[in-house]
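Worksheet: one structure, shown below.
Heads up: numbering here begins at 1 and tracks the sequence.
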Amino acid sequence: MESQIESVKALDAYRLRQVKHIPELNSDGMILEHKKTGANIFLMSNEDNNKVFCIGFRTPPSDSTGVPHIIEHTVLCGSDKFPVKDPFVELVKGSLNTFLNAMTYPDKTVYPIASCNDTDFQNLMDVYMDAVFHPNIGKEKKIFMQEGWHYELEEPEGEITYNGVVYNEMKGVFSSPESVLDSYIHTAMFPDTCYGVESGGDPEDIVKLTYEDYLAFYHKYYHPSNSYIYLYGDMDMTEKLRWLDEEYLGKYDRKEIDSEIQIQKKFKEPIEREIFYSVSESESLDHATYLSINTQAGNELSPKEYVAFQILEYVLLDAPGAPLKKALLDAGIGDDIMGGYEYGILQPYFSVIAKNAEREQKDEFVKIVKAELKKLADGGIDKKCLKAGINNYEFQYREADYGSTPKGLMYGLQCLDSWLYGGDPMMHLEYEDTFAALKKGADSGYFEGLIRTYLLDNPYEAVVIASPKKNLTARIEEQTAKKLKEYKDSLSKEEIETLVRQTKELKEYQDTPSPKEDLEKIPMLTREEIGREPAKLIFEETKLDGITVVRHNMFTSGIGYLKVLFNTDRIPMEDLPYLGLLKSVLGYVDTKNYSYSDLSSEIFLNSGGISFSVTSYPDLTKAGSFTGVFVCSARVLYEKLDFGFEILEEILNRSVLDDEKRLNEILSEGKSKSQMKLMGSGHTAAVARATSYFSDTSYYNDMTGGIGYFKFLEDCAKNFDEKKSEIIAGLKRVMEALFTRENMTVSYTADDEGFSYLGNAMKKLSEKLPVGSGKIYPFTAPKENLNEGFTSSSKVNYVAHCGTFAGSGYSYTGALRILKVMLSYDYLWINIRVKGGAYGCMSGIGRSGEGYFVSYRDPEVKKSDDIYLGIPAYLENFEADERTMTKYVIGTISDIDTPLTSSLQGSRGLSAWYSGVTDEMLKKEREEILNATVEDIRALAPITKAILETGAVCVVGNEDKIKADSEIFKEIKPLFA
């Protein structure tokens, strides 16, 4: 590392501002300034092979036209050096990236990439740097029209409509009442700064953005003098810096750019605002109001306050039995209490939100929040809960497990939380001193002081109410249609013809592929540069004390990842929804020895958390068969493994299920969270539901976590008083049948040292579980294409068409993995996103034979389904040269080779053990991918035809649009009662 620092110091183009070793991350941090332009640079040099690059800009918007968001989309649509129409998609299809995206925030726009391959990493850097500094947006207005918004008129007699990817994306965002409320809280809290407007764009304002204003915003902020460049990982930093200077930064002069984020003047007294959100005709207006109190809290440039308020979010709102949540629920205000600490902006704030309350409860809501905060500030926070919260966050910081997202990327985003506002980028990465201070502060009244200073004695506060209004979406759509009609009526015949021509020209532009010579400018690896060996599955089956243990032996930094699994074939089909409810109940009700609040504190004082889930694994050795499991998961330090099993034993054997009040709260909160999930992830729900028409596995998934399960929750919550005895009896019945010794399997991810603790530790659970009857229930789901349209107040749609090729005489091949990349970023991307204006489209076909095609935040319904039906013909006529085929192969391997954390590697091994996947199968699949030809892709046409001919269709979305395309449904019904 020393030589790396010395060679960086020697570079003439940069001024080295600070060098510091960050022991927490085993990294050398270097802060630099590019002398000529003033570009800000932060390097984190370490041995992580998953390298990260990010360039960001301060981009404070002055209105809600979504200009920073539209620029984020459009700069990735071609540049000087890489003039193809969609280099972003070309990279997704043809690079070994481990992360590739761009994100718009309220005050910044960032462009991060990551890769483990050195050549690939350099290629990605080059494409992204050229995209942000030399985009084609000024040469081709159609880029703005496609990604932002445009008038669409296909014939002179037709209706004018708005279309555009960002326009439809934000219609989807504004379909969620939580998003509407969140956006308006910003407006209320920060009326005079960039935080008071919607950086993503409000659909009603997006259509006011002119092409000229959009270009002016780009030219103002996209300059090296306003840039923040971050490099992380194992690389030659000197070489990267030299390249950045020679190819890009050095070609600019310093420019004075006023991008400073303005501070909102504090309020002299609290304010109150009300907004409305849309519900459908069938939804009730009772108990449907959101009440919120929002207070500016903490300082982004104080490491202590930055973490302390996150811990207070856990203590006050998130922990089971959290005092603010409990006080409001006990008073009958709302059935789900949300909110927390909103940071990552210059002036963070703390929110308390009661969902499904009454508007008339507003005064009581504010009074209870203030009274409870005063009680805590004066009488002290429960020390056990507070220390559990601190331990919980410290565990997360140390573990740095962000799933499939590279941790270097998360560090890069975190450093901007201080760097963007003139602070040290390492401020929030060095956490040892912060946690030491917070542990001291827990015993000296520090947290109570924060509550008093910021949440009680602070007039900078806004009470924001979001009230429901029936058919508001339909009324807005009617007003939009009226406005567009008036606009059309005001146009001359020539102007109408111009619009028709522009619509046609845009479609032609979208239909015309980029020239071959432009495509070849995107740098790409060869097939020979890709390793032929897949990552090995890590699992071995063994027996301990007569119980099956699936062991995943690897380095885990001293953390054991434990899963205790129970087969759900002990449960009759009619009781399966209780499994979904049980995962929400366990750990959130009292046990014999703990109140549910103390239980949570005990868990986080001694572990990284306990969680419960229900999942299924298809059995590839037996068509149509699957294993359903109830999973108890724990993250513990090796020496705390005893605790992990002991606390699970307490929960599984001694949970008290008879507390009707608590059960009602859990049901109401679960219904609320499921409703939010269905509104935000309608594509997932639509796929699960459509697949459930023909698949036992998906029927099971729908009953335990999809739309089917939501309907069960809705019914239980609505009719709780009549059904409470039945619900309690159902939960007890399921627990008794499920949690038995002979039905227990253990999956454990650790190294040899961690495994040495397992034998004795697991007896603390296994020896205390009862012996079960061993009765197994058959599972046969009804097979019928219900083809449902689920309507809501959403402004957009999620359109799923699913099916199976099992039993059609075709077998799985690795080429189907290539097809996923091709469809998602070629055929579907072009037709559904680029031309159709939907925000996203996905597809996938698995080893079991099941496949899906789905759109995300889509303005269309039947048009998208018709596009799916065109897939077999597209494949039959598929043509590609060797370079194009190689690109698809690389993109597919990139998807497969994403680096996995220890936890995810263990999960991968467990899935293979249950499903019957072997290393040989993975090797064969990889060979089929690496050797794939055009003929192999054409051979997939009959497989996709079989899937489409299964004919399972489900759409979640806009009521009017679903009803207008009613011919594709057998039944149309409300998503929410």
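Using modelled atom types, one finds no donor on one side chain facing an acceptor on the other under 3.5 Å when comparing Glu147 with Thr74. Defined by atom type and a distance below 3.5 Å, a donor-acceptor pair is present between the side-chain atoms of Thr109 and Thr59. A donor-acceptor contact closer than 3.5 angstrom links the side chains of Ser95 and Asn97. For Glu529 and Thr526, the side-chain atoms include at least one donor-acceptor pair closer than 3.5 Å.
You'll find the side chain of Gln264 stays beyond 4.5 Å of the side chain of Gln296, heavy atoms only. Contact annotation: the side chain of Phe190 never approaches that of Val197 to less than 4.5 Å [non-hydrogen atoms, C-beta and beyond]. Within the 4.5 Å cutoff, the side chain of Asp401 has heavy atoms near those of the Arg635 side chain. Under the 4.5 Å side-chain criterion, counting only non-hydrogen atoms from C-beta, Tyr393 is not in contact with Tyr431. Under the 4.5 Å side-chain criterion, counting only non-hydrogen atoms from C-beta, Ile929 is in contact with Ile818. Contact annotation: the side chain of Met125 approaches that of Ile113 to within less than 4.5 Å [non-hydrogen atoms, C-beta and beyond].
A tilted orientation is assigned to the rings of Tyr839 and Tyr856, their planes being inclined by 30° to 60°. Ring geometry, Tyr252 versus Phe133: the interplanar angle falls from 30° to 60°, so the pair is classed tilted. Under the 30°/60° scheme for interplanar angles, the aromatic rings of Phe309 and Phe350 are found to be tilted.
Residues Thr901 and Gly403 share a closest heavy-atom pair of CG2-O, 3.5 Å. Closest approach of Gly200 to Ile206, counting heavy atoms only: O-CD1, 4.4 Å. Pairing each heavy atom of Gly196 with each of Thr187, the nearest pair is O-OG1, 3.2 Å. Between Tyr211 and Glu140 the shortest heavy-atom distance is OH-C, 4.0 Å. Between Gly298 and Pro348, the shortest heavy-atom distance links the atoms O-CD, 3.8 Å. Residue Leu519 comes nearest to Ser514 through the heavy atom pair CD1-O, 3.6 Å, listed as atom of the first residue, atom of the second, then distance.
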Evaluation steps, side chain to side chain donor-acceptor pair (under 3.5 Å), between His186 and Glu342:
CA-CA 10 Å; His186 274 241; Glu342 294 294 324; 5.4 Å; no
When you look at Asp63 and Thr65, which way does the side chain to side chain donor-acceptor pair (under 3.5 Å) test go after all the steps?
CA-CA 6 Å; Asp63 57 36; Thr65 58; 2.6 Å; yes
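Within 6.0 Å of NZ on Lys240 lie more than 12 heavy atoms contributed by other residues, nucleotides or ligands. Taking a 6.0 Å sphere around NZ of Lys36, one finds it holds more than 12 heavy atoms contributed by other residues, nucleotides or ligands.
Salt bridge absent: Lys521 and Glu90 never bring a charged side-chain N and a carboxylate O closer than 4.0 Å. The pair Asp118-Lys51 counts as a salt bridge, with a side-chain nitrogen and a carboxylate oxygen less than 4.0 angstrom apart. Salt-bridge formation is not detected for the pair Asp236/Arg242: no Lys NZ or Arg NE/NH1/NH2 atom is positioned less than 4.0 Å from an Asp or Glu carboxylate oxygen. A salt bridge is absent between Arg883 and Glu520: the closest approach of a Lys/Arg side-chain nitrogen to an acidic carboxylate oxygen does not fall below 4.0 angstrom. We find that Glu212 and Lys141 are not joined by a salt bridge, their nearest charged nitrogen and carboxylate oxygen being 4.0 Å or further apart.
To the nearest 0.5 Å, atoms NZ (Lys220) and CG (Leu215) are separated by 15.0 Å. To the nearest 0.5 Å, atoms CD1 (Ile559) and CD (Glu399) are separated by 4.5 Å.
When ring centroids are compared, Phe121 and Phe53 stay outside the 6.0 Å threshold. Ring-centre distance between His428 and Tyr397: not below the 6.0 Å cut-off. Proximity of the aromatic rings of Phe57 and Tyr222 is defined here by a centroid distance below 6.0 angstrom, and this criterion is met.
Put simply, the side chain of Asp234 never gets that close to the backbone of Asp48: no donor and acceptor are under 3.5 Å apart.
The ring-ring contact (aromatic ring centres under 6.0 Å, His included) test with Tyr343 is passed by exactly one of Tyr421, Tyr105, Tyr306: Tyr306.
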